[in-house]
Each structure stands twice: as C-alpha cells, then as structure tokens.
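Sequential numbering from 1 along the given sequence is applied to the chain's residues. Both ligands and their constituent atoms are indexed starting at 1 by order of listing. Keep in mind that this is a model prediction, so the values were computed, not measured.
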Amino acid sequence: MLLGVNIDHVATLRNARGGVEPDTIKAAEVCELNGATSITTHLREDRRHIKDKDVRTLIKTLKTNLNLEMAVTEEMQQIALEIKPHSVCLVPEKRQEITTEGGLDVAGQLDKITKFVKPLVDAGILVSLFIDPTEEQVKASSKTGAQFIEMHTGQYSEKYGTTDEETEFLKLKNSAELARTLGLNVNAGHGLNYENVHRMHEITGLYELNIGHSIISRAIFVGLPQAVKEMKDLVK
Ligand code: PXP
C-alpha cells in the first residue's frame with residue numbers, strides 16, 4: 001500500500017500565529033523524503049488551514065503527487081482545472097465541522113456528482129470520491145466516471161478495540177471488494193493511526209492510505225521524518 005500524507009495540520013499550526021512557521025512546503029518535502037508517495041491537502045472553502053498559495057507552490061515543488069481534497073463547488077473545480085493536481089478527492093464540507101464528518105452522499109446526488117467529475121477526468125485528473133463504506137455509495141460511485149473511491153475509515157477508527165470494531169471493519173472490507181469488482185480503485189483514510197492501521201492489510205487491493213492527524217501529532221514527539229518513516233513501515 002502507498003502512503004499519502006495529509007499536511008493540513010502543519011498549516012493549522014502555522015495559522016495559529018499567522019506567520020510562516022512551520023513551513024508547509026518544507027514539511028511536504030520532508031514527508032516525501034521519508035516515504036510519502038503523495039501529499040494531500042484540503043483547500044477548504046473557509047481556508048482555515050491550507051491556503052491557495054500553499055497549493056500553488058506545492059504543485060510546482062512536489063517530487064511526488066499532489067492529491068487535492070475539495071468540496072463539490074464551482075470555485076474548487078475551477079482551481080483544480082487550473083492547477084491540475086495529480087488527483088482530487090471530493091469531500092462533503094460543512095463550515096462548522098472540525099474535520100470531514102461522514103462521506104460524500106454520491107447516491108443522493110448522482111447527477112450533480114457525475115457532471116462535476118467529467119471535466120476533471122477529461123482534464124487528465126484522477127478523481128476519487130470520499131464515501132462511507134456502504135453498498136449504496138459504492139454502487140453509485142461506480143456510475144460517476146470517477147476512477148477511485150476513498151473509503152471513510154472514521155467509524156472503524158473510532159470503534160477500534162471495541163466490540164463494534166469487527167462490524168465497522170467488515171463494512172470496509174466488503175465495500176472494497178464490491179468497488180474492485182465494479183472497476184474502481186480503492187483508497188482509504190480518516191482517523192487511521194499507528195495502532196489501528198494494521199488491519200488495512202486485511203483488505204485486498206487497497207491502493208493508498210491518506211493519513212494526517214496521527215502523523216503530525218506523533219511528529220511533535222519524534223520529529224516529522226521519524227513519524228512518517230514509522231507509518232510508512234506499518235503501511236508498506
Ligand atoms: N481523507 C480525507 C478525505 C480527509 O478529509 C481526511 C482528513 O482531512 C483524511 C483522509 C485524513 O484524516 P486524518 O487526519 O484523520 O488522518
């Protein structure tokens with residue numbers, strides 16, 4: 001499995017003082033040097049962490065791939081079509097949320113998502129849909145023209161180590177299997193950490209994991225190179 005590192009929280013820390021430290025571009029470089037196969041950033045509508053300038057610089061400096069997380073809005077589509085990241089991951093976005101809560105409701109807005117995906121795919125951008133691991137959402141995703149899904153692992157992560165872990169894990173495993181039979185490539189992410197990530201190896205054919213919070217948190221204690229290396233060892 002590949003490891004995409006989400007560097008949003010480097011920007012969160014920077015923005016706490018409004019200055020330039022810690023440098024997001026340098027952080028991305030360190031992640032790449034220590035095993036990240038892509039760098040993920042979520043350009044939110046309210047620009048609470050990553051800013052436009054970050055994304056526009058990253059696209060020029062990254063040695064690996066930029067995966068741009070974004071809401072299904074005209075503004076974000078224009079930005080993606082202009083800067084052409086390697087991939088985009090379409091996520092639901094609510095202004096008041098602390099982080100992305102729940103997956104994108106593809107089944108409930110199939111026409112809208114399908115129309116949104118087409119120009120991106122036509123521009124050569126890989127499109128991934130961040131969805132909850134359900135049969136309904138996987139089937140709908142396969143009709144949109146997107147090449148990837150990213151399964152929301154938030155529930156699995158939350159229930160890890162409890163009696164509900166298996167139920168949540170099986171949702172991921174079954175959804176991944178269905179997605180692959182429908183011709184979709186499968187990524188996963190959200191809430192994954194150094195303890196719970198190992199079970200992702202039990203899911204056949206997972207392509208990439210996108211992990212942010214746990215890596216940036218661990219970096220406070222062991223440094224970013226070590227935090228990325230340790231996760232890379234668990235993921236590869
Ligand atoms: N994937 C998606 C689509 C996300 O929105 C996030 C959080 O920004 C992540 C992965 C990474 O989640 P975490 O920061 O909990 O590792």
Can you sort out which atoms of ligand 1 are near [X], meaning under 4.0 Å from one of its heavy atoms?
{"X": "Gly191", "answer": "12 (O), 13 (P), 15 (O), 16 (O)"}
{"X": "Asn6", "answer": "8 (O)"}
{"X": "Val91", "answer": "3 (C)"}

### Task
Would you kindly check if the NZ (Lys) or CZ (Arg) of Arg199 is within the cone defined by 45 degrees around the ring axis of Tyr156 and under 6.0 Å from the six-membered ring centre?
no

### Message
Yes or no: does His42 have any heavy atom under 4.0 Å from an atom of ligand 1?
### Response
no

### Nearest option to atom 13 (P) of ligand 1, as decided by whichever heavy atom of His9, Met151, Met231, His213 sits closest
His213

### Message
Would Leu192 count as a polar contact of ligand 1, with the cut-off being nitrogen or oxygen pairs under 3.5 Å?
### Response
no

### Message
Counting only nitrogen or oxygen atoms and a 3.5 angstrom limit, does Glu150 reach ligand 1?
### Response
yes

#### Entry: Passing candidate, side chain to side chain contact (heavy atoms under 4.5 Å, CB included) with Val235, options Leu192, Leu206, Val197
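That would be Val197.
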
### Side-chain donor or acceptor of Glu93 paired with backbone N/O of Glu45 under 3.5 Å
yes

Side-chain donor-acceptor pairs of residues 79-91 under 3.5 Å, sequence neighbours excluded:
residue, atom, partner, partner atom, Å
Glu82, OE2, Arg56, NH1, 2.8
Ser87, OG, Asn67, OD1, 2.9

### Query
Between Glu69 and ligand 1, which residue portion shows a heavy-atom distance shorter than 4.0 Å: side chain, backbone, both, or neither?
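The answer is the side chain.
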
### Message
Would Glu75 and Arg47 count as a salt bridge (charged side-chain N to carboxylate O under 4.0 Å, His left out) here? Give the steps.
### Response
CA-CA 13 Å; Glu75 183 202 11; Arg47 311 300 201 262; 2.7 Å; yes

### Task
Can you see which heavy atom on Val127 is nearest to which on Ala146, and at what distance?
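Closest approach of Val127 to Ala146: O-CB, 3.6 Å.
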
